[in-house]
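First the structure, in the form of structure tokens, and then the observations on it.
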Amino acid sequence: MDTAAIKVEHVGKTFKLPHDRAVSVKSNLINVLKRRHGYELQHALEDINFEVKQGEFFGIVGKNGGGKSTLLKVISGIYSPTRGNVHINGKLTPFIELGVGFNPELSGRENVYLNGALLGFNRKEMEAMYDDIVAFAELGRFMDQKLKNYSSGMQVRLAFSIAIRAKSDILVMDEVLAVGDAAFQKKCFEVFRELKKQKRTIILVTHDMANVEKFCDRVLIIDKGKQLGITTPQEASSIYARLNVDTQETERSTDKKVRLGSGQVTVKKVTLKGDGKDRVFELGKPLTIDMTLERAKGYESYPLQIGLAFYNEDDIVVCGPNNIGKKLSPSATDVCFTMPEVFLAPGDYRVTIALYDKEGIDRFDYLEKWERFTVIADHAVGGLVEVNNVTWDER
Amino acid sequence: MRLFHRVFSKQNRALLAELVRTDFKLRYQGSLLGYAWSLLRPLFMFVILYIVFVKVYPLGRGIPHYPVYLFVGIVLWNFFTEMTQQSLGSIVGRGDLIRKIRIPRWIIVFSSSISALINLGLNLVVLAVFMAINHVDVMRTIVYTPFILLEIYLFALGVSLFLSAAFVKFRDLSYIWDVIVQAGFYLTPILYPLSKITSITFRKVVFMNPIAQSLQDARYALVSHDPAVVTISQVFDGGWYRFIPMVIVLLVLVGGLIYFKSQANTFAENM
């Protein structure tokens, strides 16, 4: 059983991107006459090498535009590789995306037959499994309505119900889990577990790392068309988080930052410090925020209230520590905040820094969502924070 | 035979059937008369041409059963233009499938050709009724009809394969083809009887067009053996030259297949 289901050898894919798309005969003629190459080359994939074993649940992750879908299309034979070879051992589903070939003008029932035909089933075979498909999709009442009247969730449910009927040895799925409500996702997971039990080879392309950790045996990470490596789902998860940080660094400069305050005392400099790479902190490891303050005349020795607010991706303040009751000299200019063990659930965070007078009424300086950082973990954390000091024992 | 089984495997047949079915369902969706339009269109065209060229300007004088003669021409010409025009946009029109699913590309062109064939079948039924009304005697030559239809079909298929593949890259093609079809309508003896053309050389040139040749043969087979229904063997007096149109059909078909095959792998990225 240890034979390869898919073998990808030194695969590269290069697209010719026309500068000014020469789709008319005239512009082609002009291009020929002027001996002009009206295109530039885009290397979508470079030297991709991997093997998927039979019965393996293989993940492919990477950022948008990183080459995931191109790779999938090369594997499925929709694109032919510019360089290298793809060997497929067994029958591959022709689907790479759910709902392809659905026609909004046809009824749900007609679409089931059409989609089934794309999988290679004739009418008779489809009739035999029609009831199961409808039952799984929970769309019994709607089958005679036109598909354009379905919600997108309903369409995906129907598409998924048909797609899993495919009698192929290798299933290829692109972002299938991104859709559907929680109840349907649960059903999908059950199907995945079932497929896994049946030892079918599955390739899952996604950027949802939770699903990768849940199902995948091995993960291929690609970025900018290049293969970063094949690793365990856990490791892939942290590599992927770092990849995203890199993007944000470049995005940061375009962010508009809000700064308010009367300016008697201001924050001159903020530095985030930790063990790992810049702005990436590991769960359970220390996080330090150094702040250098500048005090105006008359405020050289003035007690301050300093507050921080940690916002998560959903703009929820996960925690808001301040210096009330902490010993901090009234003339302090170098302040350091330390979180000895990062307890924030993995994800992206932004920190607001606020300086108030001693009563907390006058706002001296206010740096809204000024600093960004990312928390990574080697395991999934439920909820917003990791609770420490809890124990699980046998009674 | 092995190739045939591979090409028409169970999966491909199922897909072909569904695509044709979808095509048919969608084509006249929302229109009141629905499928009837595939009959009404050539009928209206016939009525117009009949009024102009039988009543106003009797072009077809001397041709036995000229209305039926005219109708045969319209039905066959319509079949050719409908099939090529629909196939031309078929690959691009099914871009959603091409870009996302690995299905044999030729099935898409083939399915639109089958839709055209179904329409042809319906029109032939009308033609039969027409022949009965006009008291056209059924001749033994009627047995040649399937072969003549096959020739037109293969010619249209070759052209369709070429057009549909080239249209992916050159979007001007649909307009160019419209113009060619317009010109073709007059270069092919659909309205005017060839007997009106006295120049033998000109007749020979006209017959190099496979549609002209099969059209005249169909009229000969179905309508009348009167010498006024000029056929290619009559013009070339039974010489080998009369097979030139068939050779052209074969070349176009093979050329279309080769071109389509060479382009099929890059449809997804060129679209």
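In the text below, chain A, chain B and the rest are named by the order of the sequence lines, each starting its count at 1. Because the structure is a prediction, the values reported are computed rather than measured. The figures that follow rest on heavy atoms only: side chains count, while hydrogens, waters and symmetry mates do not.
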When rounded to the nearest 0.5 Å, the distance separating OG1 of A:T14 from CD of B:E269 is 10.0 Å

For the residue pair A:V100 and B:D96, what are the closest heavy atoms and their distance? CG1-O, 3.8 Å

Counting N and O atoms only, with roles assigned by atom type, does the side chain of B:R102 sit under 3.5 Å from a partner on the main chain of A:S76, one being a donor and the other an acceptor? yes

So does A:K146 have more than 12 non-hydrogen atoms from other groups sitting under 6.0 Å from NZ? yes

Residue B:R94 versus chain A: region with a heavy atom under 4.5 Å: neither

I want to check something: taking the side chain as every heavy atom from C-beta on, are B:K10 and A:N122 in contact at a cut-off of under 4.5 Å? yes

Around atom CZ of B:F147, are there more than 12 heavy atoms from other residues, nucleotides or ligands closer than 6.0 Å? no

B:A14 and A:A117: which non-hydrogen atoms are nearest, and at how many Å? O-CB, 3.8 Å

To the closest 0.5 Å, what do you measure between CZ (A:F15) and CG (B:N270)? 10.0 Å

Taking all non-hydrogen atoms of both residues into account, name the closest pair between B:A268 and A:Y79 and its distance. CB-CE2, 3.6 Å

Looking at side-chain heavy atoms only, is the closest gap between A:I78 and B:I98 below 4.5 Å? no

State, to 0.1 Å, how close A:G101 and B:L97 come at their nearest heavy-atom pair, and which atoms those are. CA-CD2, 3.3 Å

Quick one: pull up CD in B:Q11 and CD in A:E125 and give me the separation to the nearest 0.5 Å. 8.0 Å

Is B:R105 close to chain A through its backbone or its side chain, or both, or neither, when contacts mean heavy atoms under 4.5 Å? side chain

Out of curiosity, B:I101 CD1 to A:K73 NZ, how far, rounded to the nearest 0.5 Å? 11.0 Å

Where on B:L15 is there a heavy atom nearer than 4.5 Å to chain A: the side chain, the backbone, both, or neither? both

Any side-chain heavy atom of A:M126 within less than 4.5 Å of one from B:E18? no

Is the number of heavy atoms from other residues, nucleotides or ligands within 6.0 Å of CZ (B:F202) greater than 12? no

Tell me whether the count of non-hydrogen atoms from other residues, nucleotides or ligands lying under 6.0 Å of CZ in B:F243 goes above 12. yes

Give the intermediate values and the outcome of salt bridge (charged side-chain N to carboxylate O under 4.0 Å, His left out) for residues B:K25 and A:E105. CA-CA 9 Å; B:K25 262 182 218 148; A:E105 293 295 331; over 6 Å; no

Greatest number of non-hydrogen atom pairs under 4.5 angstrom with chain B, of A:L72, A:L106, A:T70, falls to A:L106

On a heavy-atom basis, which atom in B:T22 and which in A:L114 lie closest, and how many Å separate them? OG1-CD1, 3.5 Å

Heavy atoms of other groups near A:Q145 CD, more than 12 under 6.0 Å: yes

With a 4.5 angstrom heavy-atom cut-off, could you sort out which part of B:I107 is near chain A: side chain, backbone, both or neither? neither

